[in-house]
Amino acid sequence: MNTVNNSNSAILKEMGISEWVSKDAMPLASTEAPLDSSAQSKPRGTWWFFGSKPKGEAEVLFQNLIRVLGLRTDEWLWQEPVNKSKLAKPDNPLPIVSIAFGGQAVQAMTGERDTLDELRETILELSIEGLEEIPLIPSFTLEHYISKPQDKRLLWQDLLLAKSVLQSL
């Protein structure tokens, strides 16, 4: 096993995920035609993340999330909620999913006033003119997951929900 896989395994284990099967390790359903390498490099969708800019261990956690999700720099955007007026739908037709880290970010981006505990595991929509149909997944702050490592499984659930929503768009 190479260093990248060991690193990903450590990250997943830290998040409470004990078993992970890499897509690379799975046999191909058909061996008739080779995979088009250009198709693998095309973005699958765009991820928007909202919240206070992560620092220190929270920044490391966020970088690990990006790596585990397999996102390239052109597939994600971090935005602080105070700058939401600067958001614009990209020119490309790719679907977008967003995650808001923390109650303040969720409230700023959706207008919801319920607590984060009540909003978690629900799919909301951005409350920004022209961007109303973009789904938003509420999650705790990255700092919360650093201070309560036992809750990292909740973060993983939020990421899986977001990935599922993105795939359904």
Side-chain angles (χ1 to χ4, degrees), residues 1-25 44-87 95-128 131 134-169:
M1 191 182 292
N2 65 31
T3 308
V4 173
N5 285 341
N6 284 336
S7 175
N8 286 348
S9 294
I11 294 164
L12 293 169
K13 190 172 185 176
E14 186 178 316
M15 295 175 86
I17 300 162
S18 58
E19 190 172 328
W20 180 270
V21 178
S22 170
K23 289 190 332 186
D24 297 335
R44 300 164 298 275
T46 303
W47 292 66
W48 285 356
F49 300 98
F50 301 105
S52 299
K53 186 171 170 106
K55 296 177 179 116
E57 290 182 53
E59 184 176 11
V60 172
L61 176 60
F62 180 71
Q63 291 168 352
N64 289 338
L65 294 179
I66 296 298
R67 185 173 43 239
V68 168
L69 290 170
L71 300 178
R72 298 187 323 252
T73 55
D74 63 337
E75 294 180 303
W76 65 273
L77 166 77
W78 183 277
Q79 187 77 38
E80 294 195 24
V82 295
N83 297 326
K84 73 179 187 178
S85 62
K86 296 180 182 177
L87 280 174
I96 301 169
V97 68
S98 60
I99 298 178
F101 292 110
Q104 290 179 336
V106 172
Q107 290 176 357
M109 302 312 292
T110 65
E112 291 287 337
R113 295 293 172 223
D114 291 337
T115 67
L116 190 53
D117 286 326
E118 295 170 321
L119 295 174
R120 264 202 76 257
E121 299 184 273
T122 59
I123 302 167
L124 306 174
E125 286 187 355
L126 287 179
S127 177
I128 302 171
L131 301 175
I134 295 177
L136 181 133
I137 309 301
S139 189
F140 293 112
T141 64
L142 294 173
E143 291 78 9
H144 170 91
Y145 297 117
I146 296 298
S147 67
K148 295 186 177 182
Q150 68 275 16
D151 285 353
K152 286 184 180 176
R153 64 182 173 75
L154 301 176
L155 174 58
W156 185 246
Q157 290 172 354
D158 296 342
L159 293 173
L160 290 177
L161 177 59
K163 189 172 185 179
S164 173
V165 168
L166 184 62
Q167 291 172 342
S168 72
L169 296 175

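Here the CD atom belonging to Glu121 is positioned 10.5 Å from the OG atom belonging to Ser139, to the nearest 0.5 angstrom. Summarising the geometry, atom CG belonging to Leu136 is positioned 10.5 Å from atom OG belonging to Ser127; distances are rounded to the nearest 0.5 Å. Taken from CE in Met109 to CG in Leu87, the straight-line distance is 5.0 Å, to the nearest 0.5 Å. Interatomic distance, Lys55 NZ to Glu143 CD, rounded to the nearest 0.5 Å: 8.5 Å. The distance from atom CD of Glu57 to atom CG of Leu142, rounded to the nearest 0.5 Å, is 11.5 Å. Atom-to-atom distance recorded for Ile99:CD1 and Leu161:CG is 8.5 Å, nearest 0.5 angstrom.
In this structure, the side chains of Gln63 and Arg67 stay at 4.5 Å or more apart for every pair of heavy atoms. In this structure, Tyr145 and Leu154 have side chains that are in contact, with non-hydrogen atoms separated by less than 4.5 Å. Residues Trp47 and Ile66 form no side-chain contact, since every pair of their non-hydrogen atoms from C-beta on lies 4.5 Å or further apart. The shortest side-chain heavy-atom distance between Val106 and Asp114 does not fall under the 4.5 Å cut-off. Put simply, the side chain of Asp158 does not reach to within 4.5 Å of the side chain of Phe101, judged on heavy atoms. Here the side chains of Glu118 and Glu112 are not in contact, with every heavy-atom distance at 4.5 Å or above. Between Leu65 and Leu155 the shortest side-chain heavy-atom distance falls below 4.5 Å. Side-chain contact between Ile137 and Ile123 is present, with at least one heavy-atom pair separated by less than 4.5 Å.
Among Thr46, Ile96, Leu124, the single residue meeting the side chain to side chain contact (heavy atoms under 4.5 Å, CB included) criterion with Ile134 is Ile96.
Closest heavy-atom contact between Pro138 and Thr122: CD-O, 3.2 Å. Closest approach of Gly51 to Ala105, counting heavy atoms only: CA-CB, 3.9 Å.
For Gln104, the CD atom is loosely surrounded, since the number of other residues' heavy atoms within 6.0 Å does not exceed 12.
Taking the six-membered ring for Trp and thresholds of 30 and 60 degrees, Phe62 and Trp78 have ring planes more than 60 degrees apart, a perpendicular arrangement. By the 30° and 60° cut-offs, the orientation of the rings of Trp48 relative to Phe50 is perpendicular.
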Criterion salt bridge (charged side-chain N to carboxylate O under 4.0 Å, His left out) on Glu75 and Arg44, from CA distance to verdict
CA-CA 8 Å; Glu75 294 180 303; Arg44 300 164 298 275; 3.7 Å; yes
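Judged by distance alone, the side chain of Ser98 and the main-chain N or O of Pro135 form a donor-acceptor pair under 3.5 Å.
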